[in-house]
Number of protein chains: 2
Amino acid sequence: MADRRSRPRTGLTREKILDAAIAFVDEHGPEALSTRRLGAALGVEGMTLYHYVPSKAVLLDGMVERLVLQAADEAGPAQDAPWTEVVRDTANALRAVLHRHPGMLAVIATRPVNSPAALVLFDRTLGRLHSQGVPLDLAMDVLNAAMTFTIGHTLAEIGRTPGTPAAAFESASPSDAGPHLGEALAVGAGLDFERRHHRTLAMIIDGYAALAVC
Amino acid sequence: MADRRSRPRTGLTREKILDAAIAFVDEHGPEALSTRRLGAALGVEGMTLYHYVPSKAVLLDGMVERLVLQAADEAGPAQDAPWTEVVRDTANALRAVLHRHPGMLAVIATRPVNSPAALVLFDRTLGRLHSQGVPLDLAMDVLNAAMTFTIGHTLAEIGRTPGTPAAAFESASPSDAGPHLGEALAVGAGLDFERRHHRTLAMIIDGYAALAVC
DNA sequence: GCATCGATTCTTACGCTGTAAGAATCGTGA
DNA sequence: TCACGATTCTTACAGCGTAAGAATCGATGC
């Protein structure tokens, strides 16, 4: 354990940098993230970060991976739950994490999740479904559908441009939205995103459950 | 019609700029789009664009709006089709447009679609569903679900980082992907994205159709 | 034809970005 | 104590978005 000759002077770590970067984009938006500003938030010059992370692209990938791992932890260790619950939990955990880190949505949407850790997680979930008799191709499809729907839905729910924190339709007043949309908004339709997500997710899962039985 | 005293010297137009910008991101990726480079592609200095578009943010919004209008045109004028067909056509048209302009995916995912034109279109589709007896809140939900799923699904399908044109799992060889994912890929599962999109979309639509009947 | 005017384009400049290269600094093992 | 290596900072460069103003061009009024 003495392979490191000297210790960091400020306790800086790749993980600390990634977490600080996630906190930073949550507070200031992804477009405000720069090496110099992130360094300043960590009490360090911008170039110092390059000793821990080779480039900004890798930094962003690391942030995404951190979120994916967090979502996986959250999905809970209900190892023997029926696969429909597994899929539902996974999607809900992803949604919860994205809600807790709204600044990361634009990042995760713009960047493929190809990190080894993410693949391992995906594979593990795939295995859970397969062990319960779900054919592999259906397992791939229902997982992919649940995740992609969740990301798309959360994208529509949480404002996407950093300056526009409101959801897609909340910012539109009923007056300028057109007759039908205006009426729907006046009734309050389309604003309970959690309920809508839950309902559509159930349709997807039920649909694949019916396929898996046949 | 003589309110304009002088004519543009290179035939430049807001629309031409937006189309050139879309073509540019399709070819070089969204991160390569800069005012100077886009100007060069149009045979003009970068600052010239600011005479037609007030900022890069507005430029990006305009590009997204152009795509939305294009998708609406594509959905076809089957005015009296059953609402399930309307939803399906709308989602498929969106998917087709996104496929034709892969560089725009990151842009459209990062930017809310709040333009007046987009709202008018959404309202019109909402009205089509409502006139066939679909309650407004269900119409909102099924449209939102179909669109968000389509965007999320296409995000997962088409590589997201500009340097990574491959789909999410195509780049992962079966060997390093884990046992189950590896087996699934070896069988070729999860690669026919069009079929998968179509199938899950049908589940969503059918699910809401069942709700609308009750 | 010529002058004029306004629309269009270009030039310059500023602070910001990511990051390459190398110098400076500090904690630790010998 | 000394030297080494890990860590941090300094400097520099090209490119970014864009503010401000100068230059240029085409159509119009005389």
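Proteins come first, then strands; the chains are lettered A, B, ... in the order of their sequence lines, and each starts at number 1.
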Check your understanding: So A:Arg66 and A:Glu15, salt bridge (Lys or Arg N to Asp or Glu O under 4.0 Å) or not? Walk me through it.
Key -> CA-CA 9 Å; A:Arg66 212 113 226 277; A:Glu15 281 69 34; 5.0 Å; no
Review point. Is the closest side-chain donor-acceptor distance between A:Thr150 and A:His197 under 3.5 Å?
Key: yes
Revision key, fill the gap. By nearest-heavy-atom nucleotide on DNA chain C, the more 5' of A:Pro54 and A:Ala32 is A:Ala32
Check your understanding: Would one find a side-chain N or O of A:Tyr52 under 4.0 angstrom from OP1 or OP2 of D:dT8?
Key -> yes
Review point. Base, sugar-phosphate alone, or nothing: which one does A:Leu33 contact when heavy atoms must sit under 4.0 Å apart?
Key: sugar-phosphate
Practice item. Tell me what B:Ser34 touches on the nucleic acid: a base, only sugar-phosphate, or nothing, going by heavy atoms under 4.0 Å. Key: sugar-phosphate
Point to revise | Base D:dG15 paired with B:Arg36 side chain (donor-acceptor, <3.5 Å) | key: no
Point to revise | Whole-Å distance separating the CD atom of A:Glu31 from the P atom of C:dG18 | key: 12 Å
Review point. At under 4.0 Å, does any side-chain N or O of A:Thr48 touch on OP1 or OP2 of D:dC9?
Key: yes
Review point. Roughly, in whole Å, what's the span from CG in B:Leu60 to C1' in D:dC16?
Key: 14 Å
Exercise for review: Report the distance from atom CG of B:Leu49 to atom C1' of D:dT18, rounded to the nearest whole Å.
Suggested key: 12 Å
Exercise for review: Nearest whole angstrom, please: distance from the C1' of C:dT17 to the CG of A:Leu38.
Suggested key: 14 Å
Exercise for review: Could you verify whether a donor N or O on one side chain and an acceptor N or O on the other, from B:His130 and A:Glu183, lie under 3.5 Å apart?
Suggested key: no
Exercise for review: Round to a whole Å and report the spacing from CD of A:Glu45 to C1' of D:dA12.
Suggested key: 14 Å
Review point. Taking CE from A:Met47 and C1' from C:dT25, how many angstroms apart are they, rounded to a whole number?
Key: 16 Å
Practice item. Using whole Å, report how far CG of B:Leu59 lies from C1' of D:dT18. Key: 13 Å
Study note, to complete from the structure: note: A:His51, atom NE2; C:dG22, atom P; distance rounded to Å ~ 16 Å
Exercise for review: Answer whether the closest heavy-atom distance between the side chains of A:Glu74 and A:Val97 falls below 4.5 Å.
Suggested key: yes
Point to revise | Heavy-atom donor-acceptor pair, A:Lys16 side chain to A:Leu42 backbone, under 3.5 Å | key: no
Practice item. May I ask you to evaluate whether A:Arg37 reaches the phosphate of C:dT17, defined as a side-chain N or O under 4.0 Å from OP1 or OP2? Key: yes
